[in-house]
S.K.: 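Take a look at this one; I'll ask things after.
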Amino acid sequence: RSYNARTSFACEIIYVAVHMNVSRKLWLVRHGERQDQVDPAWKGDAAEPWNPDLSANGLVEAERTAARFLEESVDHIIASPYLRTLRTADRIAAALQLPILMEEGVCEQLEPAYVGPVRPVFRSLTECRTAFPRLAPDYAAKVIPEWPEPEGDPRILARAGHVAGRLLEDLPGDIMIVTHYAICNT
C-alpha cells in the first residue's frame, strides 16, 4: 500500500510484508515537507543548507502520519540523521511512545548536486538528543553510506537492502524507517 503525502496522509508510506519464519511489517515513511520547499531563500542563511527541517505544513503532515499509525503494529522507529526525518520520527515516536534509533544507512542519497561538494557531516547523537530526547543513546548505526552516490547509482539500492536486512535480523517485531525519497523509491 502506498499513501501520498499531498493527497491523504502526511508522508509517503510504503508497507512491505516480510517473511522470515513469521510475517513482519517494514514500514517506509518519507519525511514531511521540507522548509526549503516553501522558502527557497532559507538555504542562503543556513549553516547546513543540505539539512532543512520541516516546514509548518511538514509538521502537520508528521502529526497526521503519527495519527495514522496509532492503529498499526510498530515496535521500532528508525530515522535518518537529517533534521526533517528526525522531526517526523519524533512526532510519530511521541504518539506511539517509542524511542528512535538514528541510522545513517537510511539517509538521503549522497549526491553532490543535492548536498554540496563535500560529504555532509551529521550532528552527533549527543547534539541530536538535545532536540530529540527520544533518540536511543545506545544505538550505533549499522551502515555508513559511501561518498558520493551519484544519481542512479546502484549502491543506493544495495545500501537500502543491506540496512533493511540488518535491521530485520537485529530487531524483533515490526519496524518503521523514516527516510527519504531515494530510499522509499529504490
S.K.: Transitively linked via ILVMFWY side-chain contacts under 4.5 Å: Val106 with Tyr139?
M.R.: yes

S.K.: What distance do Thr179 atom OG1 and His31 atom NE2 have between them, rounded to the nearest 0.5 Å?
M.R.: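 Between atom OG1 of Thr179 and atom NE2 of His31 there are 8.0 Å.
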
S.K.: When you look at Glu72 and Met176, which way does the side-chain contact (heavy atoms from CB on, under 4.5 Å) test go after all the steps?
M.R.: CA-CA 11 Å; Glu72 296 292 347; Met176 173 188 288; over 6 Å; no

S.K.: Any chance you could measure Arg30, atom CZ, to Thr65, atom OG1, to the nearest 0.5 Å?
M.R.: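 It comes to 12.0 Å.
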
S.K.: If I compare all heavy atoms of Ala79 with all of Ile100, which pair ends up nearest, and what's the gap?
M.R.: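 Ala79 and Ile100 have their closest heavy atoms at CB-CG2, 3.8 Å.
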
S.K.: Mind checking whether Ile156 and Ile144 sit in one hydrophobic cluster, side chains of I, L, V, M, F, W, Y counted as touching below 4.5 Å?
M.R.: no

S.K.: Could you see if Leu59 belongs to whatever hydrophobic cluster contains Val29? Use Ile, Leu, Val, Met, Phe, Trp, Tyr and a side-chain cutoff under 4.5 Å.
M.R.: no

S.K.: Any donor-acceptor pair under 3.5 Å linking the side chain of Asn51 with the backbone of Leu83?
M.R.: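 It does hold such a pair.
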
S.K.: Between Tyr82 and His180, does the ring-ring contact (aromatic ring centres under 6.0 Å, His included) criterion hold? Intermediate values first, please.
M.R.: CA-CA 9 Å; Tyr82 282 79; His180 307 267; 4.8 Å; yes

S.K.: Does the side chain of Glu108 come within less than 4.5 Å of Ser80's, by heavy atoms?
M.R.: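 SC-SC contact between Ser80 and Glu108 ruled out.
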
S.K.: Measure the shortest side-chain to side-chain distance between Pro148 and Leu110 over non-hydrogen atoms and say whether it is less than 4.5 angstrom.
M.R.: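 No, side chains not in contact.
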
S.K.: Of the non-hydrogen atoms in Gln109 and Gly152, which two are nearest, and what is the gap between them?
M.R.: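 Reported closest heavy-atom pair: NE2-N, 4.4 Å.
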
S.K.: How would you list all residue pairs meeting salt bridge (Lys or Arg N to Asp or Glu O under 4.0 Å) that involve residues 130-147, not counting sequence neighbours?
M.R.: Lys142-Asp170, Glu146-Arg155

S.K.: Hey, does the side chain of Arg91 reach the backbone of Glu63 with a donor-acceptor pair shorter than 3.5 angstrom?
M.R.: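 Side chain of Arg91 to backbone of Glu63, a donor-acceptor pair under 3.5 Å: no, none is there.
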
S.K.: Checking Asn185 side chain against Tyr181 main chain: does a donor-acceptor pair fall under 3.5 Å?
M.R.: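 Yes, the answer is positive, given that a donor and an acceptor are paired below the 3.5 Å cut-off.
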
S.K.: Measure the shortest side-chain to side-chain distance between Leu171 and Asp75 over non-hydrogen atoms and say whether it is less than 4.5 angstrom.
M.R.: no

S.K.: Are any of the side-chain heavy atoms of His76 and Pro172 separated by less than 4.5 Å?
M.R.: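 The answer is yes, as the side chains (C-beta and beyond) meet within the 4.5 Å cut-off.
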
S.K.: Is there side-chain contact between Ile77 and Phe69, with heavy atoms separated by less than 4.5 Å?
M.R.: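 They are not in contact (no side-chain heavy atoms under 4.5 Å apart), so the answer is no.
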
S.K.: Between Ala62 and Ile92, which heavy-atom pair has the shortest distance, and what is it?
M.R.: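 Shortest heavy-atom separation between Ala62 and Ile92 comes out as O-CG1, 4.3 Å.
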
S.K.: Would you say the side-chain atoms of Glu111 pair up with the backbone N or O of Glu151, donor to acceptor, closer than 3.5 Å?
M.R.: yes

S.K.: Over all heavy atoms of both residues, which pair between Pro120 and Trp147 is shortest? Give the atoms and the distance, please.
M.R.: CD-CZ3, 3.8 Å

S.K.: Check the pair Lys43 / Trp50 against side-chain contact (heavy atoms from CB on, under 4.5 Å), numbers first and verdict last.
M.R.: CA-CA 8 Å; Lys43 285 187 174 188; Trp50 51 271; over 6 Å; no

S.K.: For Ala94, does its backbone N or O pair with a side-chain atom of Gln97 as donor and acceptor, under 3.5 Å?
M.R.: yes

S.K.: Any side-chain to backbone donor/acceptor pair from Arg24 onto Gly173? Under 3.5 Å, distance only.
M.R.: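 Yes; at least one donor-acceptor contact below 3.5 Å.
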
S.K.: With side-chain contact (heavy atoms from CB on, under 4.5 Å) as the test, would you mind laying out the steps for Asp90 and Leu86 before giving the verdict?
M.R.: CA-CA 6 Å; Asp90 187 62; Leu86 290 171; over 6 Å; no

S.K.: Side-chain contact test, heavy atoms from C-beta onward, threshold under 4.5 Å: evaluate it for Leu96 versus Leu70 and give yes or no.
M.R.: yes

S.K.: What are the two closest heavy atoms between Gly105 and Val163, and how far apart are they?
M.R.: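 In this case the closest contact between Gly105 and Val163 is O-CG1, 3.9 Å.
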
S.K.: Look only at the side chain of Thr88 and the backbone of Gly32, and say whether a donor-acceptor pair between them is shorter than 3.5 Å.
M.R.: yes

S.K.: Quick one: which residue pairs count as a salt bridge (Lys or Arg N to Asp or Glu O under 4.0 Å) with a foot in residues 94-105, not counting sequence neighbours?
M.R.: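 Qualifying pairs, neighbours excluded: Glu104-Arg119.
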
S.K.: When rounded to the nearest 0.5 angstrom, what is the spacing between CG in Leu135 and SG in Cys128?
M.R.: 6.5 Å

S.K.: Are Val38 and Asn57 close enough, and set up right, to give a side-chain contact (heavy atoms from CB on, under 4.5 Å), and what steps lead you there?
M.R.: CA-CA 9 Å; Val38 296; Asn57 186 56; 5.8 Å; no

S.K.: Is there a path of hydrophobic side-chain contacts, each under 4.5 Å between heavy atoms of I, L, V, M, F, W or Y residues, that connects Ile183 with Val178?
M.R.: no

S.K.: Where the side chain of Arg159 meets the backbone of Cys107, is there a donor-acceptor pair that is under 3.5 Å apart?
M.R.: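 Yes: the side chain of Arg159 pairs with the backbone of Cys107.
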
S.K.: Answer with yes or no whether the hydrophobic clustering places Leu101 together with Leu26; edges join I, L, V, M, F, W, Y residues whose side-chain heavy atoms lie under 4.5 Å apart.
M.R.: yes

S.K.: Nearest 0.5 Å, what's the CD-CH2 distance between Gln37 and Trp42?
M.R.: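 That separation rounds to 11.5 Å.
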
